[in-house]
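Below: one structure, written as C-alpha cells.
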Amino acid sequence: MADNASVTQDDAPDAKRMKSESLTSECRTDSIHSSLSDFSSFELQRVLNENAQRKTVFIQGSFKERKGQAIVILEKTPFDEKSIDGILSANSRLKRDFSNDIYGNYECYPEIQFNNIKATIIHPATEKHIQKYESQPVHIIDETPEFYHTLTLPHLQKEQFNLQWVTNIIEHKSEVERIVFEDTDPETGFILLPDLKWDAKQVENLYLVAIVRKTGISSLRSLTGDHLNLLKNLQAKGIKAIEDRYHIAGSQLRVYLHYQPSFYHLHVHFTNLQYEAPGIYPEKAHLLSTVISNIELMSDYYQKATLPFAVKESDNLFSVYEEKGLVKRRGELIYSA
Ligand code: G7M
C-alpha cells in the first residue's frame, strides 16, 4: 500500500509532464468565438448524446474552413417569471394541435427574445472532449488509496483536460465581468462566478463555481487538515455572496465537489438545491460540509478513504482498471439462465 499520508499538493499532475492538449491555448487570436454569429458554417457529423429530461443535445461536427472537431451543446433553458408575461402576449402565435372537450394542445411560437436556446460551443475539441459527452455505459469503481497511487494518478499524469480556462479566470484574462465574488488571499482565496453550464438568466437553475487561487490542489484526494481554512472560507464567503446577489438562502444551496472531477484544479460547485444539476448524484458529488466534517474528524481522511467514482467505458481511465481485471464491460459478464 502506498504511503497514504504522502498524498499532498505535490500530487498535482505536473503540467509540463502531461500529454498536452495543445489545441487549446490562452486568448487565441484565431478563436472561433471571436467571430461566430450563426451556424451557417457548421457541418453536423453525429449526435453524441441526447437527454429528453434535460432537454439537451450534444452534437459533434466541424466548422467549414476551420481545423479540428467541434462540440455543440444545445439546451432549452428554464422559464423565468419575467419572460412569462412576454410569452403570454398577443405577439405569441398559437397553433392548435387538437382539442377535446375542455382540453386543448397547442404549439406556441413566442417572439424571438423569449425563444432562446443556450448553445455551448467547444472548438477545437479534443478526443477527450468527445469521449466526455458521448453516450456510453457507465461503471462505478471503488478507488482505494492504493489504486489511486498506482492506477489513477499515473493516468492523470499522462492525460487530463487542459487547465488554461482556469488560469485565465485566476489571472483575470477571461470572464472578468462575470465574477460574482473574489477573495484575493493567496492561501484561502477563490473566485466565484457562473458556471459554463449556467446562462445566469434565472435562478431556477442557478449554478456557480468557485475556483481556488492556490494552484497544486488537484482534487478531493489532495485535501487535508491544511486546507480547512481554505474550505471554510470558501464555504462561508461563497454562500454569503450568492445570498447577497441572487437572494437564495444558504440552506437552499447544494455546495459540493466532484470526484473524479473533469478538471484537476480545486473548485467547488454551488447549485440551487431545487435544481437537478448534472453530476449531483452520490457516485460523483461530495457535499462540502461533509468534506469539512470528515477532515475535522481525521486530517488525512481523503488519503485513507476508498472513494468511488463513475467512469464511462470509453474513458482511458476505465481501460486502466479493466486491464487489471478490476472492472468488466457488460458484454464480458457471463449470465447464467
Ligand atoms: O466535474 P468538474 O468538477 O471538474 O466540473 C468543472 C466545472 O467547471 C463544470 O461544472 C463546468 O461546467 C465548469 N467549466 C468548465 N469550463 C471549461 C468552464 C469555463 O470555461 N468557464 C466557467 N465559468 N466554467 C467552466
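Below, all heavy atoms of this structure are taken into account, side chains as well, without hydrogens, waters or symmetry copies. First listed ligand is number 1; within each ligand, the first listed atom is number 1. Please read these numbers as outputs of a predicted model, since none were measured by experiment.
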Worksheet item: Within the structure, does Ile169 bring an N/O atom to less than 3.5 angstrom of an N/O atom in ligand 1?
Response: no
Item to complete: Look at atom 1 (O) of ligand 1 and say which protein heavy atom is nearest, naming residue and atom and giving the distance to 0.1 Å.
Response: His258 ND1, 2.8 Å
Discussion item. Do Phe79 and Ile87 have side chains that approach each other closer than 4.5 Å (heavy atoms only, starting at C-beta)?
Written reply: yes
Worksheet item: Mind checking whether Phe181 and Phe190 have ring centres under 6.0 Å apart?
Response: yes
Worksheet item: Pick one: which of Phe270, Tyr275, Tyr246 meets ring pair (Phe, Tyr, Trp, His ring centres under 6.0 Å) with Trp198?
Response: Tyr246
Discussion item. Which residue and atom name correspond to the protein heavy atom nearest atom 5 (O) of ligand 1, and how close is it?
Written reply: His269 CE1, 3.2 Å
Worksheet item: Are side-chain N/O atoms of Asn316 and Glu159 paired as donor and acceptor at under 3.5 Å?
Response: yes
Worksheet item: How far is atom 21 (N) of ligand 1 from its nearest protein heavy atom, and which residue and atom name does that atom have?
Response: Glu175 OE2, 2.7 Å
Worksheet item: Taking distance alone, with no angle check, do Val209 and ligand 1 share an N/O pair under 3.5 Å?
Response: no
Worksheet item: Looking at Tyr256 versus His269, is the centre-to-centre ring distance below 6.0 Å?
Response: yes
Worksheet item: What do you reckon, is CD of Gln113 surrounded by more than 12 foreign heavy atoms closer than 6.0 Å?
Response: yes
Discussion item. Is it the case that ligand 1 has an N or O less than 3.5 angstrom from some N or O of Pro194?
Written reply: yes
Practice prompt. Write out the residue and atom name of the closest protein heavy atom to atom 14 (N) of ligand 1, then the distance separating them to 0.1 Å.
Written response: Trp165 CH2, 3.5 Å
Fill in: contact_flag Gln260 ligand 1 heavy-atom lt 4.0 Å
no
Practice prompt. Please determine which of Ile242, Ile248, Leu208 meets the side chain to side chain contact (heavy atoms under 4.5 Å, CB included) test together with Asn272.
Written response: Ile248
Worksheet item: Measuring from the heavy atoms of Tyr207, does anything fall under 4.0 Å of ligand 1?
Response: yes
Discussion item. Among all protein heavy atoms in this structure, tell me which lies nearest to atom 24 (N) of ligand 1, with the distance rounded to 0.1 Å.
Written reply: Leu196 N, 3.1 Å
Fill in: Residue selection (non-hydrogen contact nearest atom 2 (P) of ligand 1) among Lys132, Gln164, His267
His267
Worksheet item: Taking the six-membered ring for Trp, are the ring centroids of His129 and Phe161 within less than 6.0 Å of each other?
Response: yes
Discussion item. Does any N or O of ligand 1 fall below 3.5 Å from an N or O anywhere on Lys197, backbone included?
Written reply: yes
Worksheet item: For atom 7 (C) of ligand 1, what is the nearest protein heavy atom, given as residue, atom name and distance?
Response: Asp195 OD2, 3.6 Å
Worksheet item: Looking at Tyr148, is Arg221 sitting on its ring face, NZ or CZ under 6.0 Å from the six-membered ring centre and within 45 degrees of the normal?
Response: yes
Worksheet entry | Heavy atom of the protein closest to atom 4 (O) of ligand 1 (residue, atom name, distance) | Ser262 N, 2.7 Å
